[in-house]
Amino acid sequence: MNRIIVNWMYPRSLTTVFMRAITNRGDFHTIFEPTLPLYWRNRNEPGVQSHQDYEGWPVVYEEIIRKIYGIAEQTPTFIKECPYHAIDNYLADENYLRRCTHMFQIRNPKYVVLSFWKVIGSQRSMRIEDIGPLASDRVFNRLSELGLHALDNGKTPLVIDGDDFQNDPAGIMAAWCEAVGLEFKPETLRWVPEWRPEYDHCKDFYYDVSGSTGIQKNMEAFLYDDKVVDAIFEDLPMLKMLYEHCLPYYEKLHQYRLKPKKISDSL
């Protein structure tokens, strides 16, 4: 079978624009959060939006994995996945973990929490599990135990920080391509604005990326104004609590993040 690269990510970490650039390459079939419909079905609690199944996509874990394998028989495959959607299944599925090349996309939880809050409009609707760094840490620990990280013969994780990516898209993408043995294609970092089918499941999350023409630095400008952030945290202490709780998990992976590669000015 062909290669399967899994990007273990958490929401609001610029993973959708990263996947958009991978889709633009033309040499990968990209899969958007394959176990999300399963997660919605299993969560099934008041206040959670009704699940929307992907057309023609299974909703049982074992069938989802078989579907992925079937796609990978035909073409190299890139998966953007939030691990908490099926964390216990993934951690127990050693065959799948061994089959894939793994990477992590992270972001400072200060920005993740505030961006999440901006979209959903309430601190009361937010849970630690939804922010995501805890589940990513569990996957990191499992891959460390099995020696399955992408770099240094399984010893070192492949990590992209979302803010590094938005600050230097070409440099980070070039470094990522070098790390996974792919040709860097700078033209993939630009696109025509469009609403893609994978955005339908949670429309409020994807208005920014659907209207974009590429990776735009600091699109959510308020996140980077310390006075505004301090005022929000003072007024909404649950947001600050979520940030402080998730910060050590982020820092644990942040030390491994890829540094941008210098790109010729001609690009």
Side-chain angles (χ1 to χ4, degrees), residues 1-11 13 15-16 18-42 53-106 132-160 173 175-184 188 198 252-253 256-258:
M1 287 196 293
N2 294 291
R3 191 176 197 180
I4 301 172
I5 299 177
V6 180
N7 184 4
W8 301 109
M9 43 67 68
Y10 38 87
S13 298
T15 54
T16 302
F18 188 87
M19 191 182 88
R20 181 69 189 274
I22 301 301
T23 301
N24 283 358
R25 292 181 58 87
D27 53 1
F28 277 87
H29 181 99
T30 53
I31 301 176
F32 186 96
E33 301 180 22
T35 62
L36 181 57
L38 172 64
Y39 170 74
W40 277 335
R41 284 169 176 256
N42 288 341
D53 294 343
Y54 304 150
E55 184 177 355
W57 193 259
V59 293
V60 176
Y61 176 80
E62 291 77 12
E63 295 177 7
I64 291 169
I65 298 303
R66 284 197 291 271
K67 180 79 170 182
I68 292 170
Y69 286 163
I71 292 170
E73 287 180 356
Q74 305 300 319
T75 181
T77 301
F78 180 92
I79 301 171
K80 165 179 129 71
E81 179 63 306
C82 192
Y84 66 70
H85 291 160
I87 185 65
D88 292 331
N89 298 94
Y90 282 128
L91 295 180
D93 194 347
E94 186 172 337
N95 289 334
Y96 181 69
L97 296 179
R98 291 191 179 279
R99 176 65 181 83
C100 298
T101 298
H102 303 276
M103 63 173 287
F104 295 86
Q105 191 157 339
I106 64 173
L134 283 73
S136 291
D137 182 70
R138 293 182 67 189
V139 173
F140 169 83
N141 292 337
R142 180 63 171 148
L143 295 178
S144 298
E145 174 188 321
L146 296 172
L148 292 179
H149 290 302
L151 305 177
D152 300 329
N153 295 316
K155 297 177 182 178
T156 303
L158 173 56
V159 180
I160 287 177
M173 184 59 78
W176 179 82
C177 288
E178 183 174 82
V180 298
L182 295 172
E183 177 189 358
F184 172 52
T188 65
E198 58 261 31
K252 181 176 175 179
L253 280 173
Y256 297 107
R257 74 194 188 283
L258 282 181

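Only a predicted model underlies this, so the values are computations on that prediction, with no experimental measurement involved.
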Is there a donor-acceptor pair closer than 3.5 Å between any side-chain N or O of E81 and the backbone N or O of V6?
no
Can any side-chain N or O of R98 pair as donor or acceptor with the backbone N or O of L148 at less than 3.5 Å?
no
Side-chain heavy-atom pair [X], [Y] within 4.5 angstrom cut-off:
X	Y	value
V139	Y90	no
L143	F104	yes
E33	H85	yes
C177	E183	no
P11	Y84	yes
Q105	W176	no

To the nearest 0.5 angstrom, please state how far the [atom1] atom of [X] sits from the [atom2] atom of [Y].
X	Y	atom1	atom2	result
I87	Y39	CD1	OH	12.0 Å
H149	Y256	NE2	OH	7.0 Å
M173	T188	CE	OG1	5.5 Å

Identify the heavy atoms of [X] and [Y] that sit nearest to each other, and give their distance.
X	Y	result
I31	M19	O-SD, 3.8 Å
M9	S136	O-OG, 4.0 Å
P34	I79	CD-CG2, 3.6 Å
T101	A150	CG2-CB, 4.1 Å
I160	L258	CG1-CD1, 4.2 Å
L91	R142	O-NE, 3.1 Å

The side chain to side chain contact (heavy atoms under 4.5 Å, CB included) partner of F28 among N2, L182, I4, T75 is L182
Can you list the residues that meet the side-chain hydrogen bond (donor to acceptor under 3.5 Å, both in side chains) rule with W8, with sequence neighbours excluded?
H102
Quick one: list whatever passes side chain to side chain contact (heavy atoms under 4.5 Å, CB included) with [X], sequence neighbours left out.
X	answer
D93	Y61, I65, N95, Y96
E178	K261
L151	T156, L158, A179
R257	V159, D161, D164, H254, K259

Start with the C-alpha gap between F32 and T16, add the side-chain angles, then the distance that decides, and say whether side-chain contact (heavy atoms from CB on, under 4.5 Å) holds.
CA-CA 9 Å; F32 186 96; T16 302; 4.1 Å; yes
Check: residues 66-73 side-chain donor-acceptor pairs under 3.5 Å, at least two apart:
none

Of the options N7, T30, T15, which is the one that meets K80 in a side chain to side chain donor-acceptor pair (under 3.5 Å)?
T15
Would you say that more than 12 heavy atoms from the other residues, nucleotides or ligands in this model lie under 6.0 Å from the CG of N153, or not?
no
